[in-house]
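Data block below; observations after.
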2 protein chains.
Amino acid sequence: MDDIDLKIIGLLALDAKRSLADIGGSVGLSPSSVNERIRRLTASGAIRQFTVDLDPAAMGVQTLVFVWIALREDADEAAFRDYAARHPLILECHHVTGAWAYLVKLRVGAPPEIEGFLAELKAHRYLGRSETVIALSSPVPGPFVPKES
Amino acid sequence: MDDIDLKIIGLLALDAKRSLADIGGSVGLSPSSVNERIRRLTASGAIRQFTVDLDPAAMGVQTLVFVWIALREDADEAAFRDYAARHPLILECHHVTGAWAYLVKLRVGAPPEIEGFLAELKAHRYLGRSETVIALSSPVPGPFVPKES
DNA sequence: AAGGCCATGGATGACATCGACCTTAAAATA
DNA sequence: TATTTTAAGGTCGATGTCATCCATGGCCTT
């Protein structure tokens with residue numbers, strides 16, 4: 001992982017469709033060499049996948065929500081993590097320091113849907129207490145890649 | 001934006017390198033039609049860009065941090081948003097409801113670097129109060145696409 | 001001196017891309 | 001209501017670019 005690898009990654013992050021010849025011209029290598037480096041980066045796991053960054057609004061999920069979660073005392077934590085991984089709305093789920101146990105990030109079409117999500121958590125007996133925060137706007141939105149349906 | 005478009009998007013999200021013929025086989029269309037649909041989705045902005053999802057650990061930024069921020073009373077809010085957009089460590093920045101004004105998500109190599117980040121915010125006279133939350137683990141990590149350097 | 005690592009260049013087959021033509025469905029007019 | 005018009009999207013085929021692979025050669029390390 002040298003400077004050239006980083007440069008290639010930077011270029012791919014901006015536009016993964018650029019040709020190997022094009023990238024090679026930018027970093028001073030032949031197309032073959034760039035291809036070999038990308039192959040190695042992918043094989044080593046540094047590049048997890050080639051994907052698309054989508055517009056949440058176009059996908060009908062304009063509303064970005066963060067939910068702080070404290071699990072029930074008797075909740076099956078492993079089951080919750082698995083549930084989170086499979087849930088199509090949950091884009092991220094992190095076990096965090098501080099007063100709350102988990103921070104969950106999700107996208108929904110509109111605020112009323114949040115209620116359904118919380119009800120679902122409750123029905124599964126995961127939810128102890130929670131606090132919901134809604135994003136009003138996003139100066140830096142970050143990429144949006146939908147989960148497998 | 002019909003069901004086929006959604007299917008194509010789903011396939012691209014999982015692997016943007018699949019050939020048009022391959023995708024066409026999965027959705028029942030010719031390669032040309034798939035190409036035309038992807039072209040339209042990109043032109044309309046539904047697909048923002050083709051990119052790569054990276055392993056944060058391989059990129060040397062294992063530590064995921066969320067910082068709640070209340071700006072100083074006299075802070076230039078527009079300047080802060082611009083600053084956040086340009087900052088290479090800041091992956092996301094959202095204006096949120098609740099007790100805090102902004103939620104910032106960033107990745108660093110190790111916890112000590114957080115201190116430098118907060119000092120930088122203070123030096124720019126943006127920071128009123130803040131609260132830092134560190135992710136211990138991530139059942140659902142979400143994609144990682146580094147910012148332009 | 002020898003071995004491994006990486007870049008190069010060329011051959012090859014797959015692929016994206018484009019244009020011409022066709023089908024279908026909806027809109028417009030009689 | 002029936003008929004014509006128009007537009008949108010699909011297929012097919014041609015073309016040129018591109019990714020991919022392999023043999024070769026240089027460079028650094030041990």
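Letters A, B, ... mirror the listed sequences (proteins, then strands); counts begin at 1.
What separates CG of A/Asp2 from P of C/dC5 is a distance of 15 Å, to the nearest Å. Here D/dA19 presents its C1' atom at 14 Å from CG of B/Leu20, a figure rounded to the nearest Å. In this entry the distance linking CD1 of B/Ile38 with P of C/dA16 reads 9 Å, nearest Å. To the nearest angstrom, P of D/dT20 lies 15 Å from CZ of A/Arg40. One interatomic measurement links the two molecules: CD of B/Glu36 to P of C/dC18, which rounds to 10 Å at whole-angstrom precision. Distance NZ (B/Lys17) to C1' (D/dA19): 8 Å, rounded to an integer number of Å. The nearest whole Å value for the distance from the CG atom in A/Leu41 to the P atom in C/dC6 is 11 Å. Atom CZ in B/Arg18 sits roughly 18 Å away from atom C1' in D/dA19 (whole-Å rounding).
Counting any heavy atom pair closer than 4.0 Å across all strands shown, A/Arg37 reaches sugar-phosphate atoms only and no base atom. At a threshold of 4.0 angstrom between heavy atoms, the contacts of B/Arg39 with the nucleic acid are absent.
Aromatic ring centroids of A/Trp100 and B/Trp68 lie 6.0 Å or more apart. Ring-centre distance between B/His124 and B/Phe80: not below the 6.0 Å cut-off. In this structure, B/Phe117 has its ring center under 6.0 Å from that of B/His87.
At least one donor-acceptor pair under 3.5 Å links the side chain of B/Glu113 to the backbone N or O of B/Gly109.
Counted by atom type alone, A/Glu120 and A/Tyr126 present zero donor-acceptor pairs between their side chains at under 3.5 Å.
Between A/Asn35 and the phosphate of D/dT20, there is a side-chain N or O to OP1/OP2 separation shorter than 4.0 Å.
With hydrogens and angles ignored, a donor-acceptor pair under 3.5 angstrom links the side chain of B/Ser32 to the base of D/dC12.
Classification of B/Glu92 and A/Lys105 as a salt-bridged pair holds, one side-chain N sitting under 4.0 Å from a carboxylate O.
Distance from the side chain of A/Ser33 is smallest to C/dA7 among C/dA7, C/dT17, D/dG10.
Relative to the axis of its first five pairs, the axis of the last five pairs of the helix from C/dA1-D/dT30 to C/dA30-D/dT1 sits at 30°, rounded to 10 degrees.
Applying the side-chain hydrogen bond (donor to acceptor under 3.5 Å, both in side chains) test to residues at least two apart or on different chains, the pairs with a partner in residues 47-58 of chain B are A/Arg48-B/Asp53, A/Asp53-B/Arg48.
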